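Below, chain A is the first sequence line, B the second, and so on; all start at residue 1. Computed from a predicted structure; not experimentally measured.
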Protein chains: 2
Amino acid sequence: MENEVDGLDKRKAYILATVVYEYIATGEPVGSQALTQKYNLGVSSATVRNEMADLEAGGYLEQPHTSAGRVPSDAGYRTYVDALMSPEELGADERRRIRDEMRDARAQLDEIVEQSSRLLGRLAGNLAFVTKPQSETQSFRYAQLIWIGERSGIAIIVTSFGVASQSLFELRNDVTPDDLTRLSNALNANFAGRLLRDCDERSLAAVTKQCGFGDDMVGAVRAAFTGARTQEQPGIAASGAQHLLDQPEFRDVRKLRSILRILEEQRTLYDLVADAFDSPAASVKIGHELGSEELADLSLVTVPYRFGERAVGMLSILGPRRMPYARLLALASGTAETLSERLHDVEVR
Amino acid sequence: MENEVDGLDKRKAYILATVVYEYIATGEPVGSQALTQKYNLGVSSATVRNEMADLEAGGYLEQPHTSAGRVPSDAGYRTYVDALMSPEELGADERRRIRDEMRDARAQLDEIVEQSSRLLGRLAGNLAFVTKPQSETQSFRYAQLIWIGERSGIAIIVTSFGVASQSLFELRNDVTPDDLTRLSNALNANFAGRLLRDCDERSLAAVTKQCGFGDDMVGAVRAAFTGARTQEQPGIAASGAQHLLDQPEFRDVRKLRSILRILEEQRTLYDLVADAFDSPAASVKIGHELGSEELADLSLVTVPYRFGERAVGMLSILGPRRMPYARLLALASGTAETLSERLHDVEVR
DNA sequence: TCTTCGCACTCGCTTGCCCGGAGTGCTAAA
DNA sequence: TTTAGCACTCCGGGCAAGCGAGTGCGAAGA
């Protein structure tokens, strides 16, 4: 039956879509009369009432209390997002505005990531956050071991996005500045251009030993590479938390507390988007799908940004379940696109 | 008259102190009867009433409305903090706890600063933030110019706290890797150990030209040093915003919005503590002293942390005006002390 | 002269109540 | 199967009353 959408006949689907749309727009539970008055449904409010009762029985709608209008459930939003809403595209002028604003950031990885988070937060009027590129997707460009004393030095690793990670090391045996230069050159010759995650400990050790160094230096080199690999892992720029206060659903201060806490624990924030790395497309999580009772009346829109073909990080918008999904998906995609472009400016070739 | 404190006779001073103390404890406007019942003042409530009326006339107390108790004004808090409250010290066990928790952070500047902010936020039950060491107070340790191509490279600057700042540069004339090494060595020889702010552009240019480089390289070197000097300037770690929600003064959501916005604009946050750099001691700003109507019912406790003798950064607690000043000063000082100690672990010698 | 007592008054907060409005479900008719 | 009509439910705003905590002031006491 081509008249069915997700097990709902055409009319039910349309009514569900209208209820969700209206609720997103107004924030008020929507009743049958209001619906028939505002939208031309071609049927009376009584019919709508019956259909709404069915939709409630099917789990798509909920009633805050008897004699109140209906409100979409998680399933209702889900159906809306998956099958009912019409996708949006950004206008040319909006794209241009995004591009212009992204130009304000200097060509530094941190700055463009932070700028994109600020921009998205402001445009979306919600909390936005952007994960920095996973360092395992970055490739190794240069290593430089700097001599400080006979038995100590600093190792500096430069990756494809110019992120220099540095680590101090101490040795058991004396070395000369020349020794360190030799090793730096060997590392550069062997690993330049390789993905960081492919610079495994074994080959690092092999190269180091080949240059005539002992286990202490092997440890130092390994620490430097691990540092580069893990350091920026859960680095996240977040922005726009104040917009959440505008939402009526945050009258209750307890919800706010959960959000603030999560914002400060970057770990949790990262977990929210972690599984989005598995699928390279945009994803939407609604209410309980976020896997936490605290976040049950929020939704999360996540869109990857890319470097070349590879998805290297995520842009997310966290807001009330009652969010304009199509619009936010468009905004996130647009910002992701521009961020992806600007990533080339920071690339170390 | 040795019986006077700040223009108040002894009894008035005591009553003011008690009112502030009680209001800080309960958050309720305090009336004359309640005061005589809870504290042994040796006089009747009527007398207290008269004294309170005088204190109100003098600007130390305020009345939210007739027939309500009194509440301290900015001036009341100010007198309390300056002259009336008894300073607190941390207990030995508390000190130990702070030290233990600070040990959890790895020996990286960012980590120990963030850890101290988290720790202070949690202990103080308020929003805490810590500025990273001003880079102009750090000294230059190493420069390394890395050859990427004939006309481009990366400049890496390592400062006394191990913060490596890096900047890409492009040149108009070809250079060899050896050229860059020569220049790196010259910079190291001339500037090692100097404070960053003393590495002025003129002497940098002189050294660069002495090595036979042109204006393009002078520009690259200058950019690298300026980057190191300004990059981390307003770097701030903040933590504990959720505690503000517990305070009854934040029932009103609008105040919260100001705070969240300020938190995201690190610039404003930095301005709040900027003038604390002039005086090396702990400082307290109360209400309107913060210079902004939005922050008028907040107070800020700021304590410097040091590297050697030099104050290099600030720990601050931002919370409701009604905060336990003595306690928070003790906590901030204790944390500052431990942070100062740990700073030596990250020093690059 | 300072302190205390007693008293009238003020004002915000809570409670209880009423009522209108919006919405529902059910039944019966089209 | 749809629609009209109707009784019922429930929320929320508005209003008045009562309570409690506190004040200010005049008069009495030390």
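Scanning residues 30-39 of chain B for heavy-atom distances under 4.0 Å to DNA chain C yields an empty list. Proximity of residues 16-29 of chain B to DNA chain C (heavy atom under 4.0 angstrom from any strand atom) is not detected for any residue.
Put simply, CD on B/Q63 is 11 Å from P on D/dG22, counting in whole angstrom units. Remark: C1' of D/dG22 and NE2 of B/H65 are 9 Å apart, rounded to the nearest angstrom. With rounding to whole Å, B/M52 atom CE is found 10 Å from D/dT23 atom C1'. Rounded to whole Å, atom P of D/dC25 lies 15 Å from atom CD of B/E51. Nucleotide D/dT23 holds its P atom 9 Å from the CD atom of B/E56, rounded to whole Å. As rounded to whole Å, 16 Å separates atom C1' of D/dG22 from atom CD1 of B/I15. Rounded to a whole Å, the CG atom of B/L61 is 11 Å from the P atom of D/dG24. A/N50 places its CG atom 8 Å from the P atom of C/dG25, with the value rounded to the nearest Å.
A donor and an acceptor atom, one from each side chain of B/S316 and B/T302, are located under 3.5 Å apart.
Residue B/R11 has its side chain nearest to C/dT3 when only C/dT3, D/dT23, D/dC6 are considered.
Judged by distance alone, the side chain of B/S292 and the main-chain N or O of B/H288 form no donor-acceptor pair under 3.5 Å. Remark: side-chain polar atoms of A/E88 are not paired, donor with acceptor, to backbone N or O of A/L329 under 3.5 angstrom. A donor-acceptor pair under 3.5 Å is absent between the side-chain atoms of A/E264 and the main chain of B/S239, judged by distance alone. Under a 3.5 Å cut-off, the side chain of A/S73 and the backbone N or O of A/E62 do not form any donor-acceptor pair.
Along DNA chain C, the nucleotide nearest B/T66 and the nucleotide nearest B/V48 are compared for position; the residue whose nucleotide lies closer to the 5' end is B/V48.
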Item to check | Stepwise side-chain contact (heavy atoms from CB on, under 4.5 Å) test for A/L16 and A/Y80 | outcome: CA-CA 8 Å; A/L16 174 56; A/Y80 177 75; 5.7 Å; no

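Using a cutoff of 4.0 Å between basic side-chain nitrogens and carboxylate oxygens, A/E294 and A/R261 are scored as salt-bridged.
When side chains are defined from C-beta on, B/D82 does not count as touching B/T79, because their heavy atoms never get closer than 4.5 Å.
Among B/K10, B/R11, B/R70, the single residue meeting the salt bridge (charged side-chain N to carboxylate O under 4.0 Å, His left out) criterion with B/E51 is B/R11.
Applying the 4.0 Å criterion to OP1 and OP2 of D/dT9, one finds that A/S67 has every side-chain N and O outside that range. Remark: A/R49 is not in phosphate contact with C/dA22, judged by side-chain N or O atoms under 4.0 Å from OP1 or OP2. Between A/R70 and the phosphate of C/dG23, there is no side-chain N or O to OP1/OP2 separation shorter than 4.0 Å.
Heavy atoms of B/A46 sit under 4.0 angstrom from at least one base atom.
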